[in-house]
*Asks:* 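Below are the structure tokens for one structure; questions will follow.
Read the numbers this way: they start at 1 and go in the same order the structure lists the ligands and their atoms.
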Amino acid sequence: MSNPSLLILAGDGIGPEVMAEVKKIIAWYGDKRALRFEISDDLVGGCAYDAHGTPLTDETMAKAQAADAVLLGAVGGPKYDNLDFSVKPERGLLRLRKEMDLYANLRPAQCFDALADFSSLKKDVVAGLDIMIVRELTSGVYFGEPRGIFTEGNERVGINTQRYTESEIARVARSAFELARKRGNKVCSMEKANVMESGILWREVVQKVHDEEYHDVQLSHMYADAGAMQLTRWPKQFDVIVTDNLFGDLLSDLAAMLTGSLGMLPSASLGAPMANGRPKALYEPVHGSAPDIAGQGKANPIACILSFAMALRYSFDQGAEADRLEKAVEKVLADGLRTADLMGPEGGSPVSTSAMGDAVIAALDASL
Ligand code: NAD
């Protein structure tokens, strides 16, 4: 059987720097665990615009559709700020998400003990936190029609439409229940069924999918505003949270910051299963291209490394190897290694991007 294929789109700014560390780790898995991938590299974002006049060529799009998984660094930068909207670097990323129909965005919020002091919340509220937010990514108010700014009488009116079909809700609910079965077996669904019809439908469909297909999983419902409060009051009550595109946008950022730095946060966006049973999948750090530190060896590669760990778990059925990589990251942090973004007010001497990657590899070696 041929090796699974991985398309790497390092992108702009710190993207290539953090991806270089992931590539070292991929090579480690090939050498030490006989876990090999067919790797191909391509361009997305500003670098693709520079080379081809578009942030994502049709050829690269086709490669992404055919790959077993896509791993992306980051896109964007001040050089491209004044480009026309249609060719901005972010359009490349949006096109990937849309054409691959990646409807379930997985954002883990995990607090490594060594970084618990970094949270704006009390240490005992966040230490050991491990929750997963599943955000619907391809529908809802960011896509619904009608939308636009119209004139009504003497003034303008801005309109966006929250719209969800039953099947759109059901498929993302299934993603959440499947994930919960591999974790703490609990799902909390969040909407505003008290004031929105789309919320009423959301709640009904999630409940139906649960009752018919996943009654072994514990399900609760919460209004999204109450959910935001509960996330800051006692986030450890949650395991998997499933919610719509808009609420998920807000709640996943809130949950992420419970855990400290942007440089630590991975994500996965999953779509329908392909013929080989693997979901269409794009893995990427939550952070952007960080132009303020690009090219200086200061970027924290952990978010990108943990994104690869998610790929091992969700695309390649290598849960034990994903655990190994996450534990290696945990060990490096427990040993006190910090990139500049993880330095507290007391200061210290930060390590470089590549030194952090090397330390993770040393911890992987030690795990054998
Ligand atoms: P950003 O995430 O790039 O940076 C925000 C702050 O966090 C910066 O101070 C940066 O130095 C720091 N930071 C981010 N990642 C880090 C890491 N791995 N290690 C250490 N520090 C890190 O967000 P921004 O400054 O708002 O945006 C910069 C560019 O990135 C813009 O062009 C924006 O459109 C783009 N962007 C892209 C994505 C993506 O590719 N998914 C996401 C967000 C922003």
Side-chain angles (χ1 to χ4, degrees), residues 8-22 25 42-50 55-56 60 64 70-98 100 102 105-107 112 115 118 120 135 137 142 248-250 252-253 256-257 259-269 281-310 329 332-333 337-344 348 350-357 359-360:
I8 295 189
L9 303 172
D12 307 318
I14 62 168
E17 297 171 49
V18 295
M19 197 61 83
E21 302 314 307
V22 176
I25 287 166
D42 216 320
L43 303 176
V44 68
C47 58
Y49 176 80
D50 288 339
L56 188 76
T60 312
V70 180
L71 190 58
L72 187 137
V75 297
K79 182 178 164 195
Y80 309 104
D81 280 351
N82 296 323
L83 287 181
D84 185 73
F85 186 68
S86 62
V87 288
K88 274 194 184 290
E90 292 75 9
R91 301 298 297 175
L93 185 48
L94 292 178
R95 181 174 176 201
L96 281 166
R97 288 176 182 160
K98 189 166 170 33
M100 293 170 75
L102 303 172
N105 182 220
L106 277 50
R107 294 264 302 258
F112 292 98
L115 298 182
F118 250 80
S120 50
R135 166 189 171 195
L137 200 60
Y142 293 160
D249 198 359
L250 309 182
S252 60
D253 269 17
M257 285 323 290
T259 68
S261 168
L262 210 48
M264 294 291 301
L265 300 168
S267 79
S269 301
L282 172 78
Y283 298 89
E284 56 177 326
V286 167
H287 63 71
S289 59
D292 53 336
I293 56 166
Q296 300 170 36
K298 288 183 181 169
N300 184 351
I302 292 178
C304 204
I305 291 171
L306 293 176
S307 300
F308 176 62
M310 292 185 85
V329 167
V332 165
L333 294 171
L337 250 77
R338 302 280 185 273
T339 42
D341 57 309
L342 301 178
M343 303 301 305
V351 301
S352 67
T353 310
S354 66
M356 184 57 101
V360 173

*Asks:* Going from CD1 on Ile8 to CE on Met19, what distance comes out if it is rounded to the nearest 0.5 angstrom?
*Replies:*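 The CE atom of Met19 is 5.5 Å from CD1 of Ile8, to the nearest 0.5 Å.
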
*Asks:* Which protein non-hydrogen atom lies closest to atom 32 (O) of ligand 1, naming both residue and atom, and how far is it?
*Replies:*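 Here the nearest protein heavy atom works out to Gly77 N, 3.1 Å.
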
*Asks:* For ligand 1, which is the ligand I care about here, please tell me if Ser289 has any N or O atom under 3.5 Å from one of the ligand's N or O atoms.
*Replies:*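 Yes; at least one N/O pair falls below 3.5 Å.
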
*Asks:* So, does Ser252 use its side chain to make a donor-acceptor pair with the main chain of Gly248 at under 3.5 Å?
*Replies:*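 Between the backbone of Gly248 and the side chain of Ser252 there is a qualifying donor-acceptor contact (under 3.5 Å).
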
*Asks:* Could you work out, for atom 35 (C) of ligand 1, the closest of Asp12, Thr353, Val75 by heavy-atom distance?
*Replies:*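 Heavy atom nearest to atom 35 (C) of ligand 1 belongs to Val75.
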
*Asks:* Is there a side-chain contact between Val332 and Val329 (heavy atoms, below 4.5 Å)?
*Replies:*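 When only atoms from C-beta onward are counted, Val329 and Val332 do not touch, as no gap falls below 4.5 Å.
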
*Asks:* Does any non-hydrogen side-chain atom of Ile14 lie less than 4.5 Å from one of Ile293?
*Replies:*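 Contact flag for Ile293/Ile14 side chains = yes.
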
*Asks:* Look at atom 27 (O) of ligand 1 and say whether a protein heavy atom is found at less than 4.0 angstrom from it.
*Replies:*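 No, there is no protein heavy atom closer to it than 4.0 Å.
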
*Asks:* Please report which non-hydrogen protein atom sits nearest to atom 25 (O) of ligand 1, along with the residue it belongs to and the distance in Å to one decimal place.
*Replies:*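 For atom 25 (O) of ligand 1, the nearest protein heavy atom is Pro291 CD, 4.6 Å.
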
*Asks:* Tell me the contacting part of Asp341 for ligand 1: side chain, backbone, both, or neither, using a 4.0 Å heavy-atom threshold, strictly below.
*Replies:*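 Asp341 to ligand 1: side-chain contact only, backbone stays beyond 4.0 Å.
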
*Asks:* Within the 4.0 Å heavy-atom shell around Ile293, which atoms of ligand 1 are there?
*Replies:*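 The atoms of ligand 1 under 4.0 Å from a heavy atom of Ile293 are 11 (O), 20 (C), 21 (N).
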
*Asks:* Where on Leu72 is there a heavy atom closer than 4.0 Å to ligand 1, on the side chain, on the backbone, on both, or on neither?
*Replies:*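 No part of Leu72 is near ligand 1 at this cut-off.
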
*Asks:* What atoms in ligand 1 come closer than 4.0 Å to a heavy atom of Leu93?
*Replies:*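 Once the distances to Leu93 are compared, the set is 39 (C), 40 (O), 41 (N).
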
*Asks:* Does even one non-hydrogen atom of Val18 get within less than 4.0 Å of ligand 1?
*Replies:*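 No, that is not the case, since the closest heavy atom of the residue is not under 4.0 Å from the ligand.
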
*Asks:* Among all protein heavy atoms, pick out the one at the shortest distance from atom 10 (C) of ligand 1; state its residue, atom name and that distance to 0.1 Å.
*Replies:*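 I find the closest protein heavy atom is Asp292 OD1, 3.4 Å.
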
*Asks:* Check each atom of ligand 1 against the heavy atoms of Gly263 and keep those under 4.0 Å away; list them by number with element.
*Replies:*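 With Gly263 as reference, the close atoms of ligand 1 come out as 17 (C), 18 (N).
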
*Asks:* Out of all atoms in ligand 1, which are within 4.0 Å of some heavy atom of Ala299? Include the element for each.
*Replies:*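 The atoms of ligand 1 under 4.0 Å from a heavy atom of Ala299 are 19 (N).
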
*Asks:* Does Asp81 offer a backbone N or O that forms a donor-acceptor pair with the side chain of Lys88 under 3.5 Å?
*Replies:*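 Yes, because the side chain of Lys88 sits within donor-acceptor range (under 3.5 Å) of the backbone of Asp81.
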
*Asks:* Run down the list Gly288, Ala290, Ala294 and name the one with the heavy atom closest to atom 44 (C) of ligand 1.
*Replies:*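 When every heavy atom of Gly288, Ala290, Ala294 is considered, Gly288 comes closest to atom 44 (C) of ligand 1.
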
*Asks:* Check if Ala303 has a non-hydrogen atom at a distance under 4.0 Å from any atom of ligand 1.
*Replies:*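 Outside the 4.0 Å threshold, so no.
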
*Asks:* Distance to 0.1 Å, residue and atom name: give those for the protein heavy atom nearest to atom 14 (C) of ligand 1.
*Replies:*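 Protein heavy atom with the smallest distance to atom 14 (C) of ligand 1: His287 CB, 3.7 Å.
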
*Asks:* Nearest 0.5 Å please: distance from the CG atom of Asn300 over to the CD1 atom of Ile305.
*Replies:*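 Answer for the CG-CD1 pair, Asn300 versus Ile305, is 8.0 Å.
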
*Asks:* The test is side chain to side chain contact (heavy atoms under 4.5 Å, CB included); show your working for Leu9 and Val75 and say whether it passes.
*Replies:* CA-CA 9 Å; Leu9 303 172; Val75 297; over 6 Å; no

*Asks:* With distance as the sole test, does Arg97 use its side chain to make a donor-acceptor pair with the main-chain N or O of Leu137 at under 3.5 Å?
*Replies:*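 No: the side chain of Arg97 does not pair with the backbone of Leu137.
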
*Asks:* As a quick check of understanding, evaluate side chain to side chain donor-acceptor pair (under 3.5 Å) for Asp12 and Tyr80, giving each step before the final call.
*Replies:* CA-CA 11 Å; Asp12 307 318; Tyr80 309 104; 4.7 Å; no

*Asks:* Between the side chains of Arg107 and Asp253, is the shortest nitrogen-to-carboxylate-oxygen separation below 4.0 Å, so that they form an ion pair?
*Replies:*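 Yes, charged N to carboxylate O under 4.0 Å.
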
*Asks:* Is it true that, when you exclude Asp292 itself, more than 12 heavy atoms of the residues, nucleotides or ligands shown sit nearer than 6.0 Å to its CG?
*Replies:*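 Counting other residues, nucleotides and ligands, CG of Asp292 exceeds 12 neighbours.
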
*Asks:* Report the part of Thr339 (side chain from C-beta onward, or backbone N, CA, C, O) that has a heavy atom under 4.0 Å from ligand 1; answer both or neither where that applies.
*Replies:*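 It is neither; nothing of Thr339 touches ligand 1.
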
*Asks:* Is a side-chain donor or acceptor of Ser267 paired with a backbone partner of Val286 at a separation under 3.5 angstrom?
*Replies:*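 Here the side-chain-to-backbone pair does not exist.
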
*Asks:* Against heavy atoms of Glu284, which atoms of ligand 1 measure under 4.0 Å?
*Replies:*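 Within the 4.0 Å cut-off of Glu284, ligand 1 contributes 41 (N).
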
*Asks:* Counting non-hydrogen protein atoms only, what is the nearest one to atom 33 (C) of ligand 1? Give residue, atom name and distance.
*Replies:*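 Among all protein heavy atoms, the one nearest atom 33 (C) of ligand 1 is Glu90 OE2, 3.7 Å.
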
*Asks:* Does Gly76 reach ligand 1 with a nitrogen or oxygen that is under 3.5 Å from one of the ligand's nitrogen or oxygen atoms?
*Replies:*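 No.
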
*Asks:* How far is atom 16 (C) of ligand 1 from its nearest protein heavy atom, and which residue and atom is that?
*Replies:*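 Going by distance alone, atom 16 (C) of ligand 1 is nearest to Ile14 CD1, 3.9 Å.
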
*Asks:* Donor-acceptor pair, Ser289 side chain versus Gly76 backbone, under 3.5 Å?
*Replies:*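 Checked: pair present.
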
*Asks:* Does atom 21 (N) of ligand 1 have a protein non-hydrogen atom under 4.0 Å from it?
*Replies:*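 Yes, there is a protein heavy atom closer to it than 4.0 Å.
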
*Asks:* Kindly compute the distance separating CG (Leu333) from CD1 (Ile302), expressed to the nearest 0.5 Å.
*Replies:*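 If we round to the nearest 0.5 Å, Leu333:CG and Ile302:CD1 are 4.5 Å apart.
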
*Asks:* At what distance is the nearest protein heavy atom to atom 7 (O) of ligand 1, and which residue and atom is it?
*Replies:*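 It is Leu262 CD2, 3.7 Å.
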
*Asks:* Please check: side-chain N/O of Glu284 versus main-chain N/O of Ala74, any donor-acceptor pairing under 3.5 Å?
*Replies:*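 Absent.
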
*Asks:* At less than 4.0 angstrom from any non-hydrogen atom of Ala74, what atoms of ligand 1 do you find?
*Replies:*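 Near Ala74, meaning under 4.0 Å from one of its heavy atoms, ligand 1 has 40 (O).
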
*Asks:* Between Asn300 and ligand 1, find which residue part has any heavy-atom pair under 4.0 Å and reply side chain, backbone, both or neither.
*Replies:*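 Both backbone and side chain.
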
